[in-house]
Amino acid sequence: GTGTDEKKIIHSGDEDTFLLFDNNKVNLVAGNKSAIKYDASDGKIRINNTNADVDFQVMDKSGNVMLHTDASNYSVGIGTNTPPISGSNGYMLAVEGDISASGTGSFGQGKFSDKVRISKDDYVPSRLLDLSGSQANGEMILVRGNKDAGGTIRYQRGTSYSWRAGVGGGSSTDSNI
């Protein structure tokens, strides 16, 4: 732009679009909404600093969406350009693709469409849910099977002890609990 003063570079003919400079601050504003603001005094870069209904996307080298934040639905999508609508299903995060995490954490509720492995070992489970590596006693697991096919729980400790319990159409013949 050609209109400048001590603090602003204004886009010519568009007074509400400008680059604002202040002490240790830079702010890119379009349509009078702060799109990107950097404040060196607190070491933060803020996206959507005016809290507008503006989504944020990070693209990969092929133009696919890697990260999408949806301001109006308060949700985040990774590997998808359609994050969940948190008000309708309760989820704030949707991930398309594999997830790897390590360390200690907490997980309240979730929905999985394929196998889940919780283990200290590096292997691919053949079961829907595989828990291993626990040294604690008294864990409780709730399994809800299909009403026609039933459900089965199997516990195995080494090669010397195992038990299996089943209910419904998928009952195990060696159920002993």
Side-chain angles (χ1 to χ4, degrees), residues 1-125 127-134 136 139-144:
T2 59
T4 63
D5 62 24
E6 293 180 11
K7 294 185 179 183
K8 289 183 184 179
I9 299 175
I10 301 170
H11 180 251
S12 180
D14 189 4
E15 295 294 316
D16 62 0
T17 300
F18 52 90
L19 188 57
L20 176 66
F21 297 92
D22 205 347
N23 291 334
N24 298 315
K25 294 178 189 173
V26 178
N27 194 357
L28 174 63
V29 178
N32 248 2
K33 294 182 174 42
S34 173
I36 301 172
K37 180 179 182 182
Y38 173 63
D39 187 341
S41 64
D42 65 10
K44 294 182 181 175
I45 297 174
R46 292 178 177 87
I47 307 294
N48 192 19
N49 191 51
T50 49
N51 307 318
D53 184 6
V54 176
D55 295 354
F56 174 72
Q57 292 185 335
V58 176
M59 313 304 278
D60 70 11
K61 65 182 181 180
S62 300
N64 300 308
V65 177
M66 292 174 45
L67 175 69
H68 181 126
T69 65
D70 187 324
S72 65
N73 291 310
Y74 197 74
S75 61
V76 176
I78 298 174
T80 177
N81 61 2
T82 55
I85 299 172
S86 60
S88 67
N89 60 22
Y91 303 119
M92 292 176 57
L93 174 66
V95 179
E96 290 187 15
D98 296 337
I99 300 172
S100 175
S102 62
T104 302
S106 176
F107 186 76
Q109 268 186 316
K111 178 181 172 183
F112 300 93
S113 60
D114 204 350
K115 298 175 183 175
V116 177
R117 176 176 55 96
I118 302 170
S119 173
K120 65 179 182 174
D121 300 316
D122 188 19
Y123 73 97
V124 177
R127 295 153 187 89
L128 177 63
L129 178 62
D130 194 321
L131 305 172
S132 65
S134 174
E139 288 88 4
M140 297 178 71
I141 300 171
L142 170 64
V143 175
R144 293 183 178 139

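This structure is a prediction, so every number in the text was calculated from the model and none was measured.
Under the side chain to side chain contact (heavy atoms under 4.5 Å, CB included) criterion, N51 pairs with no residue, sequence neighbours left out. Partners of T82 according to the side chain to side chain contact (heavy atoms under 4.5 Å, CB included) rule, which considers only residues two or more places apart in sequence or in another chain, are T80.
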Legend entry - Derivation and outcome, side chain to side chain contact (heavy atoms under 4.5 Å, CB included), residues K7 and D22: CA-CA 6 Å; K7 294 185 179 183; D22 205 347; 4.1 Å; yes

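With hydrogens and angles left out, the side-chain atoms of S75 and N73 include no donor and acceptor closer than 3.5 Å. Side-chain contact of S34 with N27: a donor-acceptor pair under 3.5 Å is present, judged by distance alone. For the 3.5 Å distance criterion, the side chains of S72 and D70 qualify, holding a donor opposite an acceptor.
Here the side chains of I36 and I45 are in contact, with some heavy-atom distance below 4.5 Å. Contact of the V26 side chain with the K37 side chain is not registered, since no non-hydrogen atoms from C-beta on lie closer than 4.5 Å. In this structure, N48 and T50 have side chains that are in contact, with non-hydrogen atoms separated by less than 4.5 Å. Within the 4.5 Å cutoff, the side chain of V76 has no heavy atoms near those of the P83 side chain. Side-chain contact between D39 and R46: present, with at least one pair of heavy atoms (C-beta onward) separated by less than 4.5 Å.
By the 6.0 Å contact criterion, CG on D42 is enclosed, its count of non-hydrogen atoms from other residues, nucleotides or ligands being greater than 12.
Between the OH atom in Y74 and the OG1 atom in T69 there is a gap of 11.5 Å [rounded to 0.5 Å]. With rounding to the nearest 0.5 Å, the separation of CG in L19 from NE2 in H11 is 12.5 Å. For the atom pair CG (N32) and CG (D16), the distance works out to 5.0 Å, reported to the nearest 0.5 Å.
Closest of all the heavy-atom pairs between A30 and T17 is CA-OG1, 3.7 Å.
Residue pairs meeting the side chain to side chain donor-acceptor pair (under 3.5 Å) criterion with at least one member in residues 56-65, sequence neighbours excluded: Q57-H68, D60-N64.
Annotation: cation-pi pair K8/F18 present, NZ/CZ under 6.0 Å from the ring centroid and within 45° of its normal.
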